[in-house]
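In what follows, every heavy atom counts, from backbone to side chain, and hydrogens, waters and symmetry copies are set aside.
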Protein chains: 2
Amino acid sequence: MATDGTAPSDGLASVSLAADLSFLMARANALSLAAGNAALRPFGLSVRSFSVLALTVDGHRPTQRDLATFLRLDPSQVVALVDGLQQRGFVERRPDPNDRRANVVVATGEGRGVYSSAVVAARAAERELHSALDPAEREQLAALLRRVAFVD
Amino acid sequence: MATDGTAPSDGLASVSLAADLSFLMARANALSLAAGNAALRPFGLSVRSFSVLALTVDGHRPTQRDLATFLRLDPSQVVALVDGLQQRGFVERRPDPNDRRANVVVATGEGRGVYSSAVVAARAAERELHSALDPAEREQLAALLRRVAFVD
DNA sequence: TATTGTTATACTCTATAACTATA
DNA sequence: TATAGTTATAGAGTATAACAATA
């Protein structure tokens with residue numbers, strides 16, 4: 001392709017890198033992240049803060065440490081994320097009755113309301129991004145990713 | 001699970017977020033990025049700089065603009081990446097004979113040597129990360145990701 | 001002694017705007 | 001008028017170390 005010495009415009013897609021799982025994953029994730037953040041911005045959320053909110057709205061009462069472990073974040077990052085959500089009135093810190101060192105993070109009524117709207121927008125953006133795949137393929141992709149993401 | 005009001009240790013895996021394609025992709029990519037960077041560090045490379053080097057070693061003569069477009073990076077980021085690779089003697093900037101504004105980026109002999117070692121380490125790290133999948137499943141994952149990553 | 005949340009710091013990554021030289 | 005490369009800068013995101021309160 002470029003054996004003639006000319007600069008290709010988009011022939012790069014034929015390079016070995018394009019067969020690289022890591023590269024494909026990075027590229028797909030970049031698109032996913034951008035679409036997710038764009039969809040969540042009107043709600044004052046990012047993919048990151050949405051993830052924290054999602055973990056507090058359906059009956060779980062995670063400590064900040066639980067959030068850090070599950071989201072693979074440093075505890076200091078969770079502090080900043082919970083600060084942001086608390087300032088907007090979406091979550092509250094409550095003392096953990098089982099451990100006086102720990103804070104349990106719970107969604108407020110307002111937080112649950114914002115989440116229920118935001119999750120619809122996020123799912124729509126996700127479907128849009130994966131419109132090249134049919135529902136069965138989407139489930140197949142999720143199953144494969146789950147096995148890679150949760151090897152532990 | 002937490003309907004009794006106690007804080008779960010890892011029950012978060014049952015939350016709706018874990019079924020979220022974007023979340024799974026972000027998590028899988030984070031693992032992939034960490035493994036890739038660790039594997040490439042001994043060569044003085046990161047996943048990012050490795051990608052640039054890979055695009056210059058097999059006969060292509062991309063301009064910096066080509067690199068930015070294909071890697072979905074801002075041109076200013078490509079400047080910094082090429083600077084780093086050039087300082088290590090892995091690539092050179094050459095004037096583009098077809099456009100005096102543009103630089104063509106070409107790998108040096110040393111750059112090609114480092115790449116051929118680094119790509120082995122990167123592929124090994126990738127296989128290790130995806131050890132939960134058999135070869136057919138890995139190809140299936142790559143095919144699905146390719147269709148999401150290259151919708152264009 | 002070890003752990004939870006916190007603060008502080010630094011380093012990478014990302015996004016943006018402006019400038020120059022060419023087209 | 002638009003494009004390639006560059007510079008500068010500011011904002012995210014990430015990683016690390018240290019500290020007070022508690023286990």
Side-chain angles (χ1 to χ4, degrees), chain A residues 7-10 26-27 29-38 40-41 44-52 61-87 91-106, chain B residues 7-9 23 26-27 29-38 40-41 44-52 61-87 91-106:
Chain A
S9 60
D10 62 357
R27 186 159 165 137
N29 183 56
L31 293 174
S32 166
L33 198 61
N37 280 326
L40 292 167
R41 191 166 304 121
L45 296 170
S46 63
V47 165
R48 192 56 64 83
S49 56
F50 174 80
S51 302
V52 171
R61 299 174 72 84
T63 65
Q64 294 188 192
R65 179 65 50 168
D66 291 332
L67 294 170
T69 301
F70 186 74
L71 295 173
R72 292 191 177 266
L73 297 174
D74 190 88
S76 63
Q77 299 174 42
V78 175
V79 171
L81 286 164
V82 173
D83 282 352
L85 290 169
Q86 191 169 35
Q87 278 160 26
V91 302
E92 287 174 1
R93 284 171 164 102
R94 301 264 181 82
D96 184 341
N98 304 119
D99 186 341
R100 292 207 295 170
R101 295 171 304 181
N103 295 328
V104 154
V105 183
V106 298
Chain B
S9 60
F23 173 73
R27 187 159 166 139
N29 183 56
L31 294 173
S32 168
L33 198 62
N37 280 327
L40 293 168
R41 191 166 303 121
L45 296 171
S46 63
V47 166
R48 192 55 63 85
S49 57
F50 174 81
S51 301
V52 172
R61 299 174 71 83
T63 65
Q64 293 187 194
R65 180 66 50 165
D66 291 332
L67 294 170
T69 301
F70 187 73
L71 295 173
R72 293 189 176 264
L73 297 174
D74 190 88
S76 63
Q77 298 175 43
V78 175
V79 171
L81 287 164
V82 173
D83 282 351
L85 290 169
Q86 192 170 34
Q87 279 163 23
V91 303
E92 287 173 0
R93 277 182 242 244
R94 302 264 181 81
D96 183 340
N98 303 120
D99 186 339
R100 294 207 294 172
R101 294 172 304 181
N103 295 328
V104 154
V105 184
V106 297

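One finds no side-chain N or O of B:Asn37 lying less than 4.0 angstrom from the OP1 or OP2 phosphate oxygen of D:dT14. Contact between the side-chain N/O atoms of A:Arg93 and the OP1/OP2 oxygens of C:dT6 is found at a separation under 4.0 Å.
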query = In the 5'-to-3' direction, what one-character label does each nucleotide of nucleotides 16-23 of chain C receive under the scheme B = base within less than 4.0 Å of a protein heavy atom, S = sugar-phosphate only, - = no such atom?
reply = B----BBS
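Checked against C:dT14, C:dT7, C:dT4, the side chain of A:Val79 finds its nearest nucleotide in C:dT7.
Residues A:Leu85 and A:Leu45 meet the side-chain proximity criterion, which asks for heavy atoms closer than 4.5 Å.
If you take CG of A:Asp66 and C1' of C:dT4, they are 11 Å apart, rounded to a whole angstrom. Across the protein-nucleic acid pair, B:Leu71 atom CG and C:dA15 atom P stand 14 Å apart, rounded to whole Å. The nearest whole Å value for the distance from the CG atom in B:Leu31 to the C1' atom in D:dT14 is 15 Å. One can place CD of B:Gln64 at 5 Å from P of D:dG5, the figure rounded to the nearest angstrom. At whole-Å resolution of the value, CG in B:Leu67 and P in D:dT6 are 11 Å apart. Atom CZ in B:Arg72 sits about 17 Å away from atom C1' in C:dC13, given to the nearest Å. Whole-Å rounding puts the B:Arg65 CZ to D:dA4 C1' distance at 5 Å. The interatomic distance linking A:Leu73 (CG) with D:dG13 (C1') rounds to 10 Å, in whole Å.
In this structure, the side chain to side chain contact (heavy atoms under 4.5 Å, CB included) partners of B:Ser46, at least two apart in sequence or on a different chain, are B:Asn37, B:Arg48, B:Ser49. Every side chain to side chain contact (heavy atoms under 4.5 Å, CB included) that A:Leu31 has, sequence neighbours left out, goes to A:Leu129, B:Arg72. Residues forming a side chain to side chain donor-acceptor pair (under 3.5 Å) with A:Arg100 (at least two apart in sequence, or on another chain): none. Judged as a salt bridge (Lys or Arg N to Asp or Glu O under 4.0 Å), and not counting sequence neighbours, A:Arg41 has no contacts. Not counting sequence neighbours, the partners of B:Arg65 by the side chain to side chain contact (heavy atoms under 4.5 Å, CB included) test are B:Thr63, B:Thr69, B:Pro75.
Taking the centre of each ring, B:Phe23 and A:Phe70 come in below the 6.0 Å mark.
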